[in-house]
Amino acid sequence: MPSLPDMTTPNLSELAGKALAESGHVTVPAPDAGQEQFSEWLQRMGDNALILGHRASEWCGHAPALEEDIALANQALDLIGQCQLWLGLAAEVEAKGGDADRLAYLRDAGAFRNLLLVELPNGDFGMTLMRQFLFDAFHHTLLLALKTSSDSRVADIAAKAEKEVAYHLERSADLVIRLGDGTAESHNRMQAALTKLWSYTGEMFADDAVDQAMADAGIAPLPSTLKAAWEKTVTAVLDEATLVPPASAWQHGITGSGGGKKGVHTEHLGYILAEMQFLQRAYPGARW
Amino acid sequence: MAAATLPDTDQIWEWLSQVPDPEIPVISLTDLGIIRDVAWQGDTLVVTVTPTYSGCPATSVINLDIEAALRGHGIEKLELKRQLAPAWTTDWITPEGRDKLRAYGIAPPVDGTAADGVLAGRIARLTGESNLTIQCPRCGSTHTRKVSQFGSTPCKASYRCNDCLEPFDYFKCI
């Protein structure tokens, strides 16, 4: 999506930064250019949680049963909480002033670093659950590895988030099995979701220069090294669910300059941001 | 405040044990196990708090409640520190806290049963019996079933008793 000129008013961040500084919540340490890649990587972590959390929250009041409604809202809450930790650290590392809110509310689509998978529209309940499962399996494997990060701040956040995400994974795996191995209707919907979403899973394991720098510093594993564990979990659950991934699938976001990790998004992200960021864009620095 | 008049930390712990959890007011913050440390640094009291769930909306209310309670007891210089590691676990809920939860109608967590993301056990459970026995807090029956892994607050799951037929909350294990 082309960025809208009036959504990137040059002094908007500055205004918000001032408002935040005046409210006494901001410390502005000296900038450290060497931390750029670290901040970039932290934003990937935070943005995945933020955007998937926002998608899950869209079900609030609309899910097929009250229990599911509550479960999705609770999951959204966990993810937004984790996002605050990751983006809070990103803002600290980036040292441009401001906090997690500045990153969440004042970046435009091209500056977001989430995977394409998490920004796709929710579709039906089957699509939402299948996406949650495919991501949870990846997220859990990643967080487990991050618990031994060379950066203790990363390890601490990962240890906290891993417990919550293990819980998410148990639920989404449970429901994928129940619905995949359920009625003909539920099976067909889960299979359709799997077939559509499979081409968005490759991006999770594609390494780039930022990933390499994180791996070299011992901060995070190379994404490609997580694939075997992910496949093991996913295959076991899909087998049980009588679902079959497409035999060969072209993968989005891993060739050329495309992909969410590089800030090249689907048209769907802009709509999420328009809703999520409206208030801070219209009233910079507003607090309540 | 002169150093000689600073209340000792046992006294502070006692005061904090009177501060209820905002969402489950029958248990206190110390029952919940989220107060990790209380210490004087000079004439400033530093209270270290660990969050339950990352996104728990009660976190900021808890901080406000701690501040209000301690200021009410005359503490002037107070600092609240957030500590992420080690991450909070339901295993830290005290035995008294568990009794209070049960009496209130919430089944307390069963230690050592937190989700670990290992799905082999989960798949076996789906096809057979649950390996987890949750006791109904009303009638004491162990003949209960899970309705949903999530409940009315971030820290609870929904269960139902097959004998007395009452729905009840179970404290989610993490």
Side-chain angles (χ1 to χ4, degrees), chain A residues 49 53 65-86 88 133 136-137 139-141 143-144 147 152-153 155-178 181 229 232-234 236-237 239-241, chain B residues 23 34 36 50-60 81-92 109 112-128 130-132 145-160 167 169-174:
Chain A
L66 180 61
E67 289 78 7
E68 292 311 318
D69 204 290
I70 290 171
L72 283 160
N74 267 293
Q75 254 178 11
L77 201 58
D78 284 344
L79 288 167
I80 302 288
Q82 292 166 18
C83 158
Q84 283 175 332
L85 298 173
W86 291 122
F133 168 65
D136 286 346
H139 201 192
H140 187 250
T141 306
L143 291 170
L144 276 182
K147 284 166 79 171
S152 64
R153 297 167 298 181
D156 288 355
I157 297 173
K160 180 91 199 131
E162 184 270 322
K163 290 152 147 294
E164 294 163 359
V165 170
Y167 203 84
H168 298 176
L169 176 59
E170 289 202 355
R171 172 178 178 273
S172 59
D174 179 307
L175 284 170
V176 164
I177 293 170
R178 282 168 194 269
D181 189 21
K232 192 169 165 231
T233 302
V234 167
V237 170
D239 281 354
E240 193 69 30
Chain B
E23 279 182 341
I34 60 169
R36 302 313 299 161
T50 192
T52 52
Y53 288 80
S54 309
C56 183
T59 305
S60 57
K81 252 174 57 182
R82 182 189 72 180
Q83 179 181 303
L84 281 185
W88 180 79
T89 160
T90 35
D91 294 354
W92 291 351
T113 57
D116 56 8
V118 178
L119 294 173
R122 161 72 38 186
I123 292 164
R125 259 173 275 158
L126 282 176
T127 50
S130 166
N131 66 351
L132 189 60
R145 70 186 164 89
K146 183 173 75 185
V147 176
S148 172
Q149 229 170 324
F150 291 84
S152 55
T153 67
C155 56
K156 287 179 283 182
S158 304
Y159 274 70
R160 183 181 163 96
D169 282 331
Y170 168 58
F171 215 99
K172 229 162 93 172
C173 285
I174 64 165

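Computed from a predicted model, the values in this text were never measured in an experiment. Sequence lines set the chain letters: A, B, ... in the order given, protein chains first and strands last, and positions in each chain run from 1.
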Exercise. Hey, could you give me the CD/OH distance between B/Gln149 and A/Tyr167, rounded to the nearest 0.5 Å?
Key: 4.5 Å
Self-check item: Check: B/Ser148 and A/Arg171 side chains under 4.5 Å, non-hydrogen atoms
Solution: no
Quiz item: Does B/Lys146 reach the side chain of A/Asp174, with side-chain heavy atoms less than 4.5 Å apart?
Solution: yes
Quiz item: How far apart are the C-alpha atoms of B/Lys156 and A/Ile70, what are their side-chain angles, what is the distance that settles it, and do they pass the side-chain contact (heavy atoms from CB on, under 4.5 Å) test?
Solution: CA-CA 11 Å; B/Lys156 287 179 283 182; A/Ile70 290 171; over 6 Å; no
Quiz item: Where on B/Pro51 is there a heavy atom nearer than 4.5 Å to chain A: the side chain, the backbone, both, or neither?
Solution: both
Exercise. Check each atom of B/Thr89 against the heavy atoms of chain A and say whether the ones under 4.5 Å are side chain, backbone, both or neither.
Key: both
Practice problem: Of all the heavy-atom pairs spanning A/Glu164 and B/Thr52, show the shortest one and how long it is. | Solution: OE2-O, 4.3 Å
Quiz prompt | Least distance between heavy atoms, B/Leu84 atom then A/Asp156 atom | solution = CB-CB, 4.2 Å
Quiz item: Tell me, side chain or backbone of A/Leu85 under 4.5 Å from chain B's heavy atoms, or both, or neither?
Solution: side chain
Quiz item: Which atoms of A/Leu66 come close to chain B, meaning under 4.5 Å heavy atom to heavy atom: side chain ones, backbone ones, both, or neither?
Solution: neither
Quiz prompt | Worked verdict on A/Leu77 versus B/Tyr53 for side-chain contact (heavy atoms from CB on, under 4.5 Å) | solution = CA-CA 9 Å; A/Leu77 201 58; B/Tyr53 288 80; over 6 Å; no
Practice problem: Evaluate side-chain contact (heavy atoms from CB on, under 4.5 Å) for B/Trp88 paired with A/Lys163, printing each intermediate quantity in order. | Solution: CA-CA 10 Å; B/Trp88 180 79; A/Lys163 290 152 147 294; over 6 Å; no
Quiz item: So A/His168 and B/Phe150, would you call those rings parallel, tilted or perpendicular, with 30° and 60° as cut-offs?
Solution: tilted
Practice problem: Without swapping roles, check the side chain of A/Asp78 against the backbone of B/Ser54 for a donor-acceptor pair under 3.5 Å. | Solution: no
